[in-house]
Amino acid sequence: KLGNSDLFVYPITFGGNVFGWTIDEKQSFEILDGFTNAGFNFIDTADSYSHWAPGNKGGESETIIGNWMEQRKNRQQIIIATKVGSIPGTPKKSLAKDYILKSVDASLKRLKTDYIDLYQSHYDDPETPIEDTLEVYDQLIKSGKVRWIGASNFSAARLTESLETAKRLGLPLYQTFQPEYNLYEREGYEKELEKVIVDNQLGVINYYALASGFLSGKYRSEADLNKSQRGEGIKKYLNDRGIKILNALDQVSEQYNANPASIALAWLIARPSVTAPIASVTTLTQLEDLIKAANLRLNTEDLSILDDASAWE
């Protein structure tokens, strides 16, 4: 269950940033078919995905998802989360009323639907008063365009302020939060955000659940970095701590006859504050790791091995 909403999801979220970037529409359809045929129902995207790919301008991911849902006629079975606030091609962020009103209609058109299940503030916008953003979300919920709202990338202080403002003014509450969180990147979430999440019963759909693929175990040295388009972003994990985490994943993987990626996701699913980690795949073979992760129950001893290897304190 996502926060205190009426949205129920299977414990892994598909990350739509790969659509229109590392996989084209035909491949995306195959992956989405495989994902939903395995019983999953939750897809996360953003209006800015995947503007960074050559020739793209943003919106490509939503377009592919919309085309797929239209062809499969399965909108009612799918829970769609998208985001607003990141302006493609610029470092600017906006949660201003006019910007959101224009963006939501563009997202609905690309997704070929008349409602979004979970609409998320992609980044904090300190320039716009919190109540202005929440008021426009209230308007969108009342009009039926949006069912629930979530936030992403806020500091603990700003997330708290947003929740308090909503309660004080009787405006919609964020039901979910999207932080960066995985076995390697733990401190940023656990130090301050997790307490706010638990105290306010928010659902957590964390991104970079596999640290851009590092936790899959396929990058063990700098020579491995050219294995994918994401390789360059993985260099920062190749240190003593990173190798220690991979060794722990290898050790636990053997107990379950699973790949490191499945174990890394199963560790996240076992965290009490995490609802459905976001993971992306580009092949049906990789999809097997997601399916396996959702069905794994790590025992206390194995969770401790992973906790100790990845401890930040």
Side-chain angles (χ1 to χ4, degrees), residues 1-19 31-32 35-36 38-49 61-62 65 78-86 107 111 116-124 137 146-156 158-159 162-163 172-186 188-190 192-212 215 261-262 264-281 287 289-291 293-294:
K1 185 182 176 188
L2 290 173
N4 288 310
S5 75
D6 60 359
L7 302 174
F8 284 83
V9 300
Y10 287 83
I12 289 177
T13 313
F14 196 93
N17 64 331
V18 291
F19 302 142
I31 298 286
L32 284 166
F35 184 72
T36 49
F40 297 105
N41 66 340
F42 190 27
I43 302 162
D44 175 76
T45 185
D47 59 0
S48 57
Y49 296 168
S61 174
E62 289 182 334
I65 295 165
I78 305 299
I79 292 175
I80 292 289
T82 192
K83 307 181 205 78
V84 62
S86 176
S107 285
L111 288 164
I116 291 162
D117 297 290
L118 181 67
Y119 202 40
Q120 305 159 98
S121 298
H122 202 161
Y123 293 93
D124 189 13
Y137 285 150
V146 168
R147 290 178 66 193
W148 301 95
I149 58 169
S152 173
N153 298 305
F154 282 37
S155 67
R158 288 286 286 181
L159 179 59
S162 298
L163 294 166
L173 284 159
Y174 288 129
Q175 295 297 334
T176 59
F177 188 67
Q178 199 169 126
E180 178 176 3
Y181 187 47
N182 56 57
L183 262 171
Y184 188 99
E185 300 285 0
R186 290 179 60 181
Y189 173 68
E190 291 176 17
E192 293 183 338
L193 280 162
E194 192 168 28
K195 185 178 181 338
V196 179
I197 301 293
V198 172
D199 289 351
N200 290 278
Q201 300 175 307
L202 301 190
V204 169
I205 46 177
N206 51 300
Y207 65 89
Y208 288 163
L210 293 174
S212 299
L215 297 171
S262 298
L265 288 170
W267 177 84
L268 283 166
I269 293 169
R271 300 289 295 180
S273 66
V274 172
T275 312
I278 300 171
S280 304
V281 301
L287 187 60
D289 289 336
L290 267 60
I291 297 165

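Taking the six-membered ring where the residue is Trp, Phe35 and Phe40 present parallel rings, their angle staying beneath 30° rather than reaching 60°. Between Tyr119 and Tyr137, the ring planes are perpendicular. Angles over 60° get that label, and only those under 30° would be called parallel.
Interatomic distance, OG of Ser152 versus OH of Tyr174, reported as 10.5 Å (0.5 Å rounding). Remark: Leu173 CG to Asn200 CG distance equals 8.0 Å, nearest 0.5 Å. Atoms CD1 and CG, from Ile205 and Leu2 in turn, are 6.5 Å apart once rounded to the nearest 0.5 Å. A distance of 2.5 Å separates OG of Ser273 from OH of Tyr189, quoted to the nearest 0.5 Å. Rounded to the nearest 0.5 angstrom, Glu180 CD and Tyr207 OH are separated by 5.0 Å. To the nearest 0.5 Å, atom CG of residue Leu193 and atom OH of residue Tyr181 are 11.0 Å apart.
Using modelled atom types, one finds a donor on one side chain and an acceptor on the other under 3.5 Å when comparing Gln120 with Asp44.
A heavy-atom distance below 4.5 Å is found between the side chains of Leu163 and Leu202. Put simply, the side chain of Ile116 does not reach to within 4.5 Å of the side chain of Trp148, judged on heavy atoms. Taking 4.5 Å as the limit, some side-chain heavy atom of Val281 sits within range of a side-chain heavy atom of Leu290. The shortest distance between side-chain heavy atoms of Asp124 and Asn153 does not fall below 4.5 Å. The side-chain heavy atoms of Gln175 and Gln201, taken from C-beta on, include no pair separated by under 4.5 Å. Using a 4.5 Å heavy-atom cutoff, the side chains of Asn17 and Thr45 are not in contact. No side-chain heavy atom of Asn206 sits under 4.5 Å from any side-chain heavy atom of Ile278. Two residues are said to be in side-chain contact when any heavy atoms from C-beta on lie closer than 4.5 Å; Ile149 and Ser121 fail this criterion.
With a 6.0 Å radius and a threshold of 12 heavy atoms from other residues, nucleotides or ligands, Lys195 has its NZ atom at or below the threshold.
Taking both residues in full, the closest heavy atoms of Gly203 and Thr275 are given as CA-OG1, 3.2 Å, listed atom of the first, atom of the second, then distance. Shown here for Ile43 and Thr13, the closest heavy-atom pair between the two residues is C-CG2, 4.4 Å. Residues Ile80 and Ile65 approach most closely at CD1-CG2, 3.6 Å, considering heavy atoms. Taking each heavy atom of Leu265 and Ile12 in turn, the nearest pair found is CD1-CD1, 4.3 Å. Across all non-hydrogen atoms, the minimal contact from Ala266 to Ala293 is CB-O, 4.1 Å. Summarising the geometry of Leu118 relative to Gly150, their closest heavy-atom pair is CD1-N, 3.8 Å, with the distance given to 0.1 Å.
Side-chain rings of Phe14 and Phe19 approach one another, their centers coming within less than 6.0 Å.
Asp6 has a carboxylate O that lies under 4.0 Å from a charged side-chain N of Arg147, or vice versa, which qualifies the two as a salt bridge. Salt-bridge formation is detected for the pair Glu190/Arg271: a Lys NZ or Arg NE/NH1/NH2 atom is positioned less than 4.0 Å from an Asp or Glu carboxylate oxygen.
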Go through it in stages, so that I can follow the logic: the residues are Ser107 and Thr82, the test is side chain to side chain donor-acceptor pair (under 3.5 Å), and I'd like the CA-CA distance, side-chain angles, deciding distance and then a yes or no.
CA-CA 8 Å; Ser107 285; Thr82 192; 4.6 Å; no
For a side-chain contact (heavy atoms from CB on, under 4.5 Å) check, start with the C-alpha distance between Tyr49 and Lys83, then their side-chain angles and the critical distance, and finish with the verdict.
CA-CA 10 Å; Tyr49 296 168; Lys83 307 181 205 78; 3.0 Å; yes
